[in-house]
Amino acid sequence: MRSEAMSTPIHVADIAQYEGQEVTIRGWVYNRTDKGKLTFLLVRDGSGFAQCVAFKGDLDEATFDAIRRIPQESSVVVSGTVRADKRAPGLPGGYEIGISGFEVVQAAALDYPMALKEHGVDFALDNRHLWIRMPSQWAVLRIRATIMRAIQDFLDGQGFLRVDTPILTPAAAEGTTTLFETPYFDEGFAYLSQSGQLYNEANIFAFGKVYCFGPTFRAEKSKTRRHLTEFWMVEPEIAFCDLDQLMDLEEEFVTFIVQRVLETNRRELEYLGRDLSKLEAIKPPFPRISYDEAVQMIKEIQAETDDPEKKALLNIEWGQDFGSPHETELTKRFDKPVMVYGYPTAAKAFYMEPWPGRPEVCKSVDMLAPEGYGEIIGGSERMSDHDLLLQRIHEHGLPEEAFKWYLDLRKYGSVPHSGFGLGVERTVAWICGIEHIRETIPYPRTIKRVYP
RNA sequence: UCCUCGGUAGCUCAAUCGGCAGAGCGGGCGGCUGUUAACCGCUAGGUUGCAGGUUCGAGUCCUGCCCGAGGAGCCA
């Protein structure tokens, strides 16, 4: 056995740079295949997966025997010579290590529960702490990290200042959604934030362009593949910005994120089987259609549908918000995210600016991802007039006292301003092309799950 | 909260009309120099979600309950 000190410690991701050299990797045995006098170990080290090959004739008996018996997921230190071989699986793959030295850090217990095949969702999630070792989950979470980074790089590069907003907040800001409640000393109760937007609006008057980026909580009993009770949202807010400028920003932002993932994680996308051409097509301009046009399109789609069940689901009258079936059918007509603007005022939050000359419509915009992934962005131009905002607060039955500071923003130098929120997990699901949003966050929280 | 589907070995699933509880993977033992979730032989492994009921006999039929899934509503 050659001394480990003689070989270079490397990360599997860089394996191609070391062809012909003696190297050492430290990691875990993802899979083992025995073949007579030959044993293949697929070893992962966090940066990638590399095949290591042991040939009985090259090793002393004790070492070969140790390799042959090493249980799946054991932690190991492997040294050997890197060689190119087209047959070698792995990520990146195409290179393998001919084993000359082998050291066991810990032999894993034999009852490792994750098989190298499909698992039911419930079992996989019960074992999420182990599931993340699988290459599919590893790929998704690496792409998620790229997206988190791209979000910050884009906004920082555009002159936005990250200003953090509180997670513990006073009573419901919008009064529409159910919030998680927690006892708060002598103050009664505090609530986990569902949005940093109202604080962002205060922050732009100090910093111009800001964003907040953090976890968000919704206590709604939503049981779908698009919902989590804890999810991440980035919310930019911009002073002196109208709805058109907001849509310009949104499409540049989403394009930047998608292109960054294509540059950084091509390998991961390919492993996931993502159709890269669909992502490469994501470039401005994105289609922009009014709510009025969208309703018209949905009615046309409904008329063309033969399936009576689908026909019923697509029922819509002007004034109603879109449900998931409407969004799905609408986005199937486009190969880029589509921006739907000008929703009915009654269907949206109280703080949205009315459409000039059409008070029944407001200056809101939702961005719907293609391929049926649904809404990834909700945004609007915010109401800038103090008296109208106060009227809306009353109309919505909201406590004026709680909004005193928010109304102040319209007293001391009010300006037209706009902002939006982008849901990170839905964006990850769309870019990765995966079905369940719960695979896009390391430890998903749903109505039925807070473990592990 | 409502609708639909599901719960059988550690995992993924099968079990015909109500008639002996099965397979593959994973584990153990053995074989094979190129495996890609290898393959071949042998082997261990069961409170069929829970509680009742019908029946000579229930994984299967009936009643109630528990748990899970994804869809509606709500939203990102």
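Below, chains carry the letters A, B, ... as their sequence lines are ordered, and counting in each starts from 1. The structure presented is a predicted model; accordingly, all values stated were derived computationally and were not measured.
- For rG73(B), neither phosphate oxygen OP1 nor OP2 lies less than 4.0 angstrom from any side-chain nitrogen or oxygen of Arg218(A).
- The distance from atom CG of Asp126(A) to atom P of rU12(B) is 10 Å, rounded to the nearest whole Å.
- In summary, the aromatic rings of Phe403(A) and Phe350(A) are positioned with their centroids under 6.0 Å apart.
- Close placement of the Phe322(A) and Tyr291(A) rings is indicated, their centers lying within 6.0 Å of each other.
- Pair assignment for rU4(B) gives rA69(B), based on Watson-Crick or G-U wobble hydrogen-bonding distances that are each under 3.5 Å.
- When the side-chain nitrogen and oxygen atoms of Arg68(A) are compared with OP1 and OP2 of rG30(B), none of them lie within a distance under 4.0 Å.
- Asp366(A) comes within contact range of no nucleotide atom at all, as no heavy-atom separation falls under 4.0 Å.
- Among the protein residues, Pro325(A) comes within range of the sugar-phosphate backbone only, with heavy atoms under 4.0 Å from sugar or phosphate atoms but none that close to a base.
- Within 4.0 Å of Glu96(A), counting heavy atoms only, lies at least one base atom of the nucleic acid.
- Looking at heavy-atom distances under 4.0 Å, Lys448(A) makes contact with sugar-phosphate atoms alone, never a base.
- Remark: the backbone N or O of Trp232(A) is paired with a side-chain donor or acceptor of Glu425(A) at under 3.5 angstrom.
- Heavy atoms from other residues, nucleotides or ligands lying under 6.0 Å from CD of Glu395(A) number more than 12.
- For His326(A) against Gly323(A), the heavy-atom pair with the smallest separation is ND1-N, 2.8 Å.
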_Letter per nucleotide, 5' to 3', of nucleotides 22-29 of chain B [B base touched, S only sugar-phosphate touched, - untouched; heavy atoms, 4.0 Å]_ = --BB-SSS
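- For the P atom pair drawn from rG6(B) and rG52(B), the interatomic distance equals 25 Å after rounding to whole Å.
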